[in-house]
> 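Take a look at the following structure, please.
In each ligand, atom 1 is the first atom listed, and ligand 1 is the first ligand listed. Hydrogens, waters and symmetry mates play no part in the numbers below; they use all other heavy atoms, side chains included. Please read all numbers here as calculations on a predicted model, not as lab measurements.
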Amino acid sequence: MDQAQAPVAVFDSGVGGVSVLRELVRCMPQEHFLYFGDSVHAPYGARSTQEVRALTLAAAKMLFDRGVKALVVACNTATAAAIEVLRSTWPEKIIVGIEPALKLAVERHMGGRVAVMGTSVTIREQKFHTLLERFRTDSEIIPLACPGLVELIEAGQTAGERVSGLLRQELESALDKPLDAVVLGCTHYPFVKKEIRRIVGERPEILDGGTGTARHTQHRLAEAGLLKDHGVGSVMIENSLDGKMVELSRRLLDAPWGENALANGSPP
Ligand code: DGL
């Protein structure tokens, strides 16, 4: 089979990576995508680094065994814990990992105040500390782990009292002075962007790594001569938990562009 016709795998701990899948589909509508969410083991952000690494390796093996031509790790937590080991295990494969868009935020708001929301694993891993060291002289960077938020989004809650209460509590410490940017360093968070906007007000720019990751994937495929640049594309969604999670992923994928939230925020 022509390798260019093979699907691009997109992986996350659950439904969060659908926010990246949306950007990938927008950027490369003619590609076939195979999305795998590991909701049985979510949230990864509450696990040990070793556990996240083992789960990510197992998912990657399952996807490569199915003949995908590239793997997009649409999970900041899995990238932080496992991207090096993935690349050394499959050195010949195209593997793209999403990371918090801190560089972009600092470049656009030099000298400003930037909050970075991520999971506990992402915030504590060396990868993030290296990023922090690189940019902390240019801007004031405030890392925020948001325990409990991924669980709500996995339950289909993208709006409402529980989501806004949790966000308010997490963001409060960063809002004592005006913020210039908020980086969504977890792929689940774009689905609660409207709630975040309500709390931080109009001033800060809210950034995520989805678009950058999609463009980078397109570039890597083109470079390898593996772009499927004609014909009709498709999206197949699978989840380790159950069909309800596949349904929720579909609803999130089909939510209106730019809305980044389910219409009513109710559980599936
Ligand atoms: N969506 C994942 C990320 O980008 C993490 C969610 C989880 O904790 O499982 O970090």
> How does V150 reach ligand 1, by side chain, by backbone, by both or by neither, if only non-hydrogen atoms under 4.0 Å count?
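The side chain, only.
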> For a side-chain contact (heavy atoms from CB on, under 4.5 Å) with S19, tell me which candidate from I98, T187, D208 qualifies.
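Filter result, single survivor: T187.
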> For T119, which part has a heavy atom under 4.0 Å from ligand 1: side chain, backbone, both, or neither?
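Only the side chain of T119 comes within reach of ligand 1.
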> Starting from atom 10 (O) of ligand 1, locate the nearest protein heavy atom and write down its residue, its atom name and how far away it is, to 0.1 Å.
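Minimum-distance protein heavy atom for atom 10 (O) of ligand 1 reads T77 OG1, 2.6 Å.
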> Salt bridge check: are K228 and E31 linked by an N-O gap of less than 4.0 Å?
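So K228 does not pair with E31 through a salt bridge.
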> Only heavy atoms of N76, strictly under 4.0 Å: list the atoms of ligand 1 that pass.
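So the atoms of ligand 1 that pass are 3 (C), 4 (O), 10 (O).
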> For ligand 1, which part of D12 has a heavy atom less than 4.0 Å away: the side chain, the backbone, both, or neither?
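Contact part for D12 vs ligand 1: side chain (C-beta onward).
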> Tell me, with the steps shown, if E23 and R26 meet salt bridge (charged side-chain N to carboxylate O under 4.0 Å, His left out).
CA-CA 5 Å; E23 299 302 326; R26 180 147 66 170; 3.1 Å; yes
> Can you list the ligand 1 atoms lying under 4.0 Å from a non-hydrogen atom of T187?
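In order of number, 1 (N), 2 (C), 3 (C), 4 (O).
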> Counting heavy atoms not belonging to E161, are there more than 12 under 6.0 Å from its CD?
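Counting other residues, nucleotides and ligands, CD of E161 stays at 12 neighbours or fewer.
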> Give the numbers and elements of all ligand 1 atoms closer than 4.0 Å to a heavy atom of P43.
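Heavy-atom distances to P43 below 4.0 Å select 7 (C), 8 (O), 9 (O).
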> Does ligand 1 have any atom that is closer than 4.0 Å to a heavy atom of G14?
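It does not, in that no heavy atom of G14 comes within the 4.0 Å cut-off of ligand 1.
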> For E172, is there an ion pair with R168 - N to carboxylate O distance below 4.0 angstrom?
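A salt bridge is absent here (no side-chain N lies under 4.0 Å from a carboxylate O).
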> Quick test: of every protein heavy atom, which one is nearest to atom 6 (C) of ligand 1, and how far off is it to 0.1 Å?
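The closest one turns out to be S13 OG, 3.2 Å.
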> Can you confirm whether more than 12 heavy atoms, excluding those of R162, are under 6.0 Å from its CZ atom?
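Counting neighbours around CZ of R162, 12 or fewer heavy atoms of other residues, nucleotides or ligands fall under 6.0 Å, so no.
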> Parallel, tilted or perpendicular: which one describes the rings of Y44 and F11, with boundaries at 30° and 60°?
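Ring orientation of Y44 relative to F11: tilted.
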> Among all the protein's non-hydrogen atoms, which is closest to atom 8 (O) of ligand 1, and how far away is it?
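That would be G45 N, 2.8 Å.
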